[in-house]
Amino acid sequence: MKTSDSFNADEISFFEKVYQVVRLIPKGKVTSYGAIAKYLGSAQSSRMVGWAMNNSSRIKPKVPAHRVVNRNGMLTGKHFFGANDAMQHLLEKEGIKVSDDKIIDFKKHFWDPSVELML
DNA sequence: CGATTGACGTACG
DNA sequence: TCGTACGCCAATC
């Protein structure tokens, strides 16, 4: 415990920042890896966002990685959810229509952290 | 310790 | 418009 279990801004890493942002994604909304990376100040590190998502399976609490898709709105990481349609099913359950592993009206459901969380 | 991979994105041809 | 190449940082082999 050491003082507190809270997150220390000085302790959080690039990955943990990603986790927090993803957790802030409202239901029925989605975002892209690049948007998160850009919000973190490393737009070119979009790969790291995806890598962070991979680790998201081991972190706690688990982050809604199903709300994070690539720039094309395609569910590139659906294969990581175990079931092939698990990610798609979750998105449809939240009101997001998915077809061919791709989000319909992706731009419409797009949630940009740099806009919603901008101060 | 060095090389390869990875849920992406942008640039160039 | 489509395909290929590069960059970014960390983890894994």
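Naming convention: chains lettered A, B, ... in sequence-line order (proteins, then strands); numbering from 1 in each chain.
- The nearest whole Å value for the distance from the CZ atom in A/Phe14 to the C1' atom in B/dA7 is 14 Å.
- Straight-line distance from the CZ atom of A/Arg58 to the C1' atom of C/dA10: 12 Å, rounded to whole Å.
- Distance from the side chain of A/Ser46 is smallest to B/dC8 among B/dA7, B/dC8, B/dG6.
- The separation of B/dA7 from C/dC2, taken at their C1' atoms, amounts to 23 Å, rounded to a whole angstrom.
- A/Gln44 places its CD atom 8 Å from the P atom of C/dC9, with the value rounded to the nearest Å.
- Taking atom CZ of residue A/Phe110 and atom P of nucleotide B/dG9, one finds them 10 Å apart after rounding to whole Å.
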Short N/O separations, protein against nucleotides 2-5 of chain B, under 3.5 angstrom:
none

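- Within 4.0 Å (heavy atoms only), A/Ala65 reaches at least one base atom of the nucleic acid.
- When each of C/dC8, C/dA10, B/dG9 is scored by its nearest atom to the side-chain atoms of A/Arg47, the top-ranked nucleotide is C/dC8.
- Between A/Lys29 and A/Glu94 there is no salt bridge, since no side-chain N of the basic residue sits under 4.0 Å from a carboxylate O of the acidic one.
- Side-chain contact between A/Arg23 and A/Pro64 is present, with heavy atoms from C-beta onward closer than 4.5 Å.
- Of all the residues in residues 71-81 of chain A, A/Arg71, A/Thr76, A/Gly77, A/Phe80, A/Phe81 reach under 4.0 Å from DNA chain B with at least one non-hydrogen atom.
- With rounding to whole Å, A/Leu40 atom CG is found 15 Å from C/dA10 atom C1'.
- With A/His109 contributing its side chain and A/Gly28 its backbone, the two residues share a donor-acceptor pair below 3.5 Å.
- Side-chain atoms of A/Asp85 do not come within 3.5 Å of backbone N or O of A/Gln88 as any donor-acceptor pair.
- At a threshold of 4.5 Å between non-hydrogen side-chain atoms, the residues A/Arg67 and A/Pro26 do not count as touching.
- Side-chain contact check for A/Arg71 versus A/Tyr33: every heavy-atom pair is 4.5 Å or farther apart.
- At least one donor-acceptor pair under 3.5 Å links the side chain of A/Ser32 to the backbone N or O of A/Ala35.
- A/Thr31 places no side-chain N or O within donor-acceptor distance of the main-chain N or O of A/Asp112, the cut-off being under 3.5 Å.
- Checked by atom type and distance alone, the side chain of A/Asn72 never pairs as donor or acceptor with a backbone atom of A/Met74 at under 3.5 Å.
- One can place OH of A/Tyr39 at 20 Å from C1' of C/dC8, the figure rounded to the nearest angstrom.
- Using a cutoff of 4.0 Å between basic side-chain nitrogens and carboxylate oxygens, A/Asp105 and A/Lys97 are not scored as salt-bridged.
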Full working for side-chain contact (heavy atoms from CB on, under 4.5 Å) between A/Ile25 and A/Val30: CA-CA 7 Å; A/Ile25 299 174; A/Val30 292; 5.9 Å; no
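- A donor-acceptor pair is defined here as one N or O able to donate and one able to accept, closer than 3.5 Å; no such pair exists between the side chain of A/Asp100 and the backbone of A/Lys102.
- Regarding A/Asn70, its CG atom lies at a distance of 6 Å from the P atom of B/dC8, rounded to whole Å.
- In this structure, the CZ atom of A/Phe15 is 12 Å from the C1' atom of B/dA7, given to the nearest Å.
- DNA chain B lies under 4.0 Å from no heavy atom of any residue of residues 85-92 of chain A.
- Looking at heavy-atom distances under 4.0 Å, A/Asn54 makes contact with a base.
- Closest to the side chain of A/Asn55, from the set B/dA7, C/dA11, C/dC9, is C/dA11.
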